[in-house]
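Okay, so here's the structure we're looking at.
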Amino acid sequence: MTTPALDLVALDMAGTTVDEGGLVYEVLAATVADAVGEAVPGPLLASWKGTSKSEAIAGLLADLGADASEGHVRVVHDAFTERLIATYRATPPTPFAGIVEMFEVLRETGVKVCLQTGYTAEIAASILDGLDWPTSGDSALIDAVVTSDLVPTSRPAPYLVFRCLEATGVTDVRRVLVAGDTPNDLLAGTNAGAGYVLGVGTGSFSLDQLAEHPHTHLLHSAADLTTLA
């Protein structure tokens with residue numbers, strides 16, 4: 001990618017750039033199960049992967065016939081946040097192989113790098129602190145971080161992607177690559193009109209599963225996106 005065809009890559013965190021072993025969804029399922037008194041079915045949980053965790057909790061509670069009022073969702077989300085941050089402290093997430101090097105190659109060629117996530121700012125900050133990924137100064141690895149609490153609706157709506165453009169000063173969505181490991185990631189990139197919509201096989205879904213949803217490219221890892229023509 002010596003002559004970049006891109007101005008911006010907007011990358012999901014968990015399962016795409018950050019390897020946390022699927023802990024976020026284990027904690028989400030356990031927290032909701034505690035709130036409703038029954039296990040969360042796997043297919044139901046899968047349908048909410050990639051969305052904001054607040055929206056996922058509200059949707060799961062409603063789908064399970066439990067109290068999905070705003071106040072109760074907030075209580076469950078607070079419990080989820082506390083539990084997830086404690087889990088990440090005990091088992092810190094790590095970058096997938098080659099991700100940091102990919103960031104460096106992109107930024108050296110003038111491509112902006114933005115992380116966009118269904119996490120809140122509080123959870124994202126706890127991960128970034130553990131990874132020691134600077135977002136400012138000469139040593140910055142990434143240009144911006146956009147979290148679900150900064151947009152009116154998370155994926156599959158396009159607003160996380162649009163906010164990445166706004167945060168980095170990029171104006172042409174056709175020169176943006178959106179990458180993620182869930183169908184909702186791909187739908188958000190497609191709904192935003194991104195020129196590249198990349199599914200990766202390092203997270204919750206296989207490449208065969210992702211192939212059933214709108215995309216322009218599929219790769220085993222986001223670390224390989226610099227190989228795209």
**Complete:** In Val111, Val178, Thr226, the residue satisfying side chain to side chain contact (heavy atoms under 4.5 Å, CB included) with Val9 is Val111
**Message:** Within the supplied structure, the quantity of interest is the number of heavy atoms (other residues, nucleotides, ligands) at a distance under 6.0 Å from Glu82 CD; does it exceed 12?
**Reply:** no
**Complete:** When rounded to the nearest 0.5 Å, the distance separating CG of Leu60 from NZ of Lys53 is 11.0 Å
**Asked** Judged by modelled atom types alone, do Asn184 and Thr182 share a side-chain donor-acceptor pair under 3.5 Å?
**Response** no
**Asked** Are a donor atom and an acceptor atom from the side chains of Asp181 and Thr16 found within less than 3.5 Å of each other?
**Response** yes
**Message:** For Asp185, is there an ion pair with Lys49 - N to carboxylate O distance below 4.0 angstrom?
**Reply:** no
**ring-ring contact (aromatic ring centres under 6.0 Å, His included) pairs, two or more places apart, involving residues 95-122** = Phe103-Trp133
**Item:** Between CG on residue Leu150 and CD on residue Glu166, distance to nearest 0.5 Å
**Value:** 9.5 Å
**Asked** Are the side chains of Thr117 and Val146 in touch, meaning some heavy atoms are under 4.5 Å apart?
**Response** no
**Message:** With rounding to the nearest 0.5 angstrom, report the CD to OG1 distance, Glu26 to Thr31.
**Reply:** 11.0 Å
**Message:** Any side-chain to backbone donor/acceptor pair from Glu55 onto Ser154? Under 3.5 Å, distance only.
**Reply:** yes
**Complete:** Rounded to the nearest 0.5 angstrom, the NE2-OG1 distance for His213 and Thr190 is 11.0 Å
**Item:** Salt-bridge contact Asp129-Arg89 (side-chain N to carboxylate O under 4.0 Å)
**Value:** no
**Message:** Rounded to the nearest 0.5 Å, what separates atom CG in Leu177 from atom CG in Asp7?
**Reply:** 11.5 Å
**Item:** Pairwise distance CG(Leu106) to CG(Leu225) - rounded to 0.5 angstrom
**Value:** 5.5 Å
**Prompt:** Quick one: do the Ser206 and Asp208 side chains pair a donor with an acceptor below 3.5 Å?
**Reply:** no
